[in-house]
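Report on one structure; see the data block that follows.
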Amino acid sequence: AAQATVIIDARTSPTDIKTAVAIGPALATNPETGALKSVLQSEKTTATIEFDATGTQEIGDKATGQVKLSVLSPTATAVPAGTQLTSEAGLVFTVDSSVSIPASQPCFPSFCAQSVTASISAAASGTKYNAISGNLSGAPSGASAKITGETAGGTEKIIKIVLQADVEKAKAQLVATNNDEAKKKLQAKFEANTVLIDDSFQAVPATPTTVPAIGAESKDGKAKLTSEVTISMSGVSKADLSAYLKAALEKQLDKDEQRVYNDGVSTAKLTGFTQNNSNTSVTLTALGQIGPKINDNEIKETVKGKKFAEIREELKKIEGVNDAETKFSPFWVNTVPTDTKKIKIEFKLQDESKS
């Protein structure tokens, strides 16, 4: 069962490939149209992250009191609910319910002003609205307003609430925190003979659920965001990539004199992932090797039945061949079999630019 492997040291040239290609699971690999069939892996996961609630809200009680409204007028004067009255210190109170000051009544020697009492509430919560007395400005139609007694009941209480900005920040952190783990999970789903497009990885969160909700109180200043995240990543099989690269290299050949020795799939990189609506593209770069056109079958016919020295002498006559080496099996064999099926041809590629 004698066998022989002839290793030919051929002069080759590196050839760069750099081109934009369209990719997609529904595309057929076609160098003529610049298309590569891709493989997409995706899955949905649910993730939760705790975050700080940074908003604040004052929910203390508002101070209340009574105000006497007076006016000298021949007709009744309406004071609508919500009328704002301002103290001498600039604190604002509002009239709780609409009231009407009666028309002035005759009294010696002319007319006497009439009055009505109304309930008022501070415009905001807080203790600074307590113990306010005296005159208030802002009553309609020349009426005067004066607090009877003092206002009371105002308290202060500030709570933490969840803001929209808190949620947006948490969403970004949620995606970033789970990226590495999610990417490894997707990479494991691809077959081994796949060239992965690293920057095609995407993590898209759905509308999240936040507890407490936006605008609600967080008693301990913390909140939780839970969201379904769709992760996805693309790759291209080495078989498709090899076919594309070989075709691209063959376009650069002098077909009568050259052939492709290495399609560059081992050095291929797919970068610059761009997705625009339904169009997805990447930049394909690789380094192939082309060299003189040496026919494997012709080499087998030349070397069959020959010994080591004869083979080297014959093959070095071929244009583009630097040298040749022959390995025999079993080790005691020293002549190439006459059956070409038992002869294997390999090429040891050299960069002629470095010769």
Side-chain angles (χ1 to χ4, degrees), residues 41-65 80-97 119-132 136-138 151-186 198-234 273-278 280:
Q41 296 288 359
S42 65
E43 67 175 59
K44 293 182 178 180
T45 61
T46 299
T48 299
I49 189 170
E50 186 176 78
F51 62 97
D52 293 326
T54 64
T56 58
Q57 182 177 330
E58 173 60 69
I59 63 166
D61 295 325
K62 294 180 179 181
T64 59
T83 298
Q84 292 189 336
L85 304 174
T86 306
S87 72
E88 293 178 353
L91 299 177
V92 177
F93 294 84
T94 59
V95 176
D96 295 335
S97 302
S119 297
I120 57 172
S121 298
S125 60
T127 56
K128 67 180 181 180
Y129 290 91
N130 293 336
I132 304 301
L136 302 173
S137 61
T151 57
T155 61
E156 294 180 355
K157 183 180 180 182
I158 298 175
I159 61 171
K160 283 282 189 179
I161 62 170
V162 178
L163 299 178
Q164 180 69 48
D166 299 334
V167 173
E168 294 302 320
K169 182 178 179 181
K171 281 172 62 178
Q173 291 174 336
L174 178 74
V175 171
T177 300
N178 292 278
N179 268 2
D180 290 342
E181 182 181 344
K183 185 180 288 188
K184 289 178 182 177
K185 185 183 294 185
L186 283 184
D198 190 68
D199 55 4
S200 70
F201 176 79
Q202 293 179 317
V204 181
T207 302
T209 300
T210 307
V211 180
I214 294 173
E217 178 184 4
S218 169
K219 294 186 182 301
D220 61 355
K222 300 291 184 180
K224 284 186 178 181
L225 180 144
T226 302
S227 177
E228 184 179 71
V229 181
T230 301
I231 56 174
S232 62
M233 192 173 189
S234 295
F273 179 86
T274 303
Q275 197 166 35
N276 183 13
N277 297 324
S278 60
T280 305

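Sequential numbering from 1 along the given sequence is applied to the chain's residues.
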Walk me through it: do Tyr129 and Phe93 pass the test ring-ring contact (aromatic ring centres under 6.0 Å, His included)? CA-CA 9 Å; Tyr129 290 91; Phe93 294 84; 5.7 Å; yes
Give the intermediate values and the outcome of side-chain contact (heavy atoms from CB on, under 4.5 Å) for residues Thr94 and Ile120. CA-CA 5 Å; Thr94 59; Ile120 57 172; over 6 Å; no
Ser227 vs Leu174, test: side-chain contact (heavy atoms from CB on, under 4.5 Å). Steps then yes/no. CA-CA 9 Å; Ser227 177; Leu174 178 74; 3.8 Å; yes
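In this structure, the side chains of Leu225 and Lys171 come closer than 4.5 Å at one or more pairs of heavy atoms. Two residues are said to be in side-chain contact when any heavy atoms from C-beta on lie closer than 4.5 Å; Thr56 and Ile159 fail this criterion. Side-chain contact between Leu91 and Ile132: present, with at least one pair of heavy atoms (C-beta onward) separated by less than 4.5 Å. For the pair Ser119 and Thr64, the minimum side-chain heavy-atom distance is 4.5 Å or more.
Residues in residues 208-221 take part in these salt bridge (Lys or Arg N to Asp or Glu O under 4.0 Å) pairs, two or more places apart or across chains: Glu217-Lys219. Among residues at least two apart or in separate chains, there is no salt bridge (Lys or Arg N to Asp or Glu O under 4.0 Å) pair with a member in residues 151-164.
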Identify each donor-acceptor pair in which a side-chain atom of residues 203-216 lies under 3.5 Å from a protein atom, sequence neighbours left out, and give them as a table.
none

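Atom CD of Gln164 sits in a crowded spot, with more than 12 heavy atoms from other residues, nucleotides or ligands closer than 6.0 Å.
Between the side chain of Asn130 and the backbone N or O of Gly154 there is at least one donor-acceptor pair closer than 3.5 Å. Looking at Ser200, its side chain does come within 3.5 Å of a backbone N or O of Ser234 through a donor-acceptor pair. A donor-acceptor contact shorter than 3.5 Å is absent between the side chain of Thr86 and the backbone of Gly90.
For Asp52, the salt bridge (charged side-chain N to carboxylate O under 4.0 Å, His left out) partners are Lys222, not counting sequence neighbours. Evaluation of the side-chain contact (heavy atoms from CB on, under 4.5 Å) rule for Ser125 yields Glu58, Lys62 as partners, not counting sequence neighbours. Residues passing the salt bridge (charged side-chain N to carboxylate O under 4.0 Å, His left out) test with Asp198, sequence neighbours excluded: Lys183.
Counting all heavy atoms, side chain and backbone alike, Ser121 lies closest to Asp96 at OG-OD1, 2.9 Å. Contact record, Val162 with Ala223: CG2-CB, 3.9 Å, taken as the closest heavy-atom pair.
Between the CG atom of Leu186 and the CD atom of Gln41 there is a distance of 7.0 Å, given to the nearest 0.5 Å. Here the OG1-CD distance, from Thr46 to Glu228, works out to 5.5 Å after rounding to the nearest 0.5 Å.
A donor-acceptor contact closer than 3.5 angstrom links the side chains of Thr48 and Thr226.
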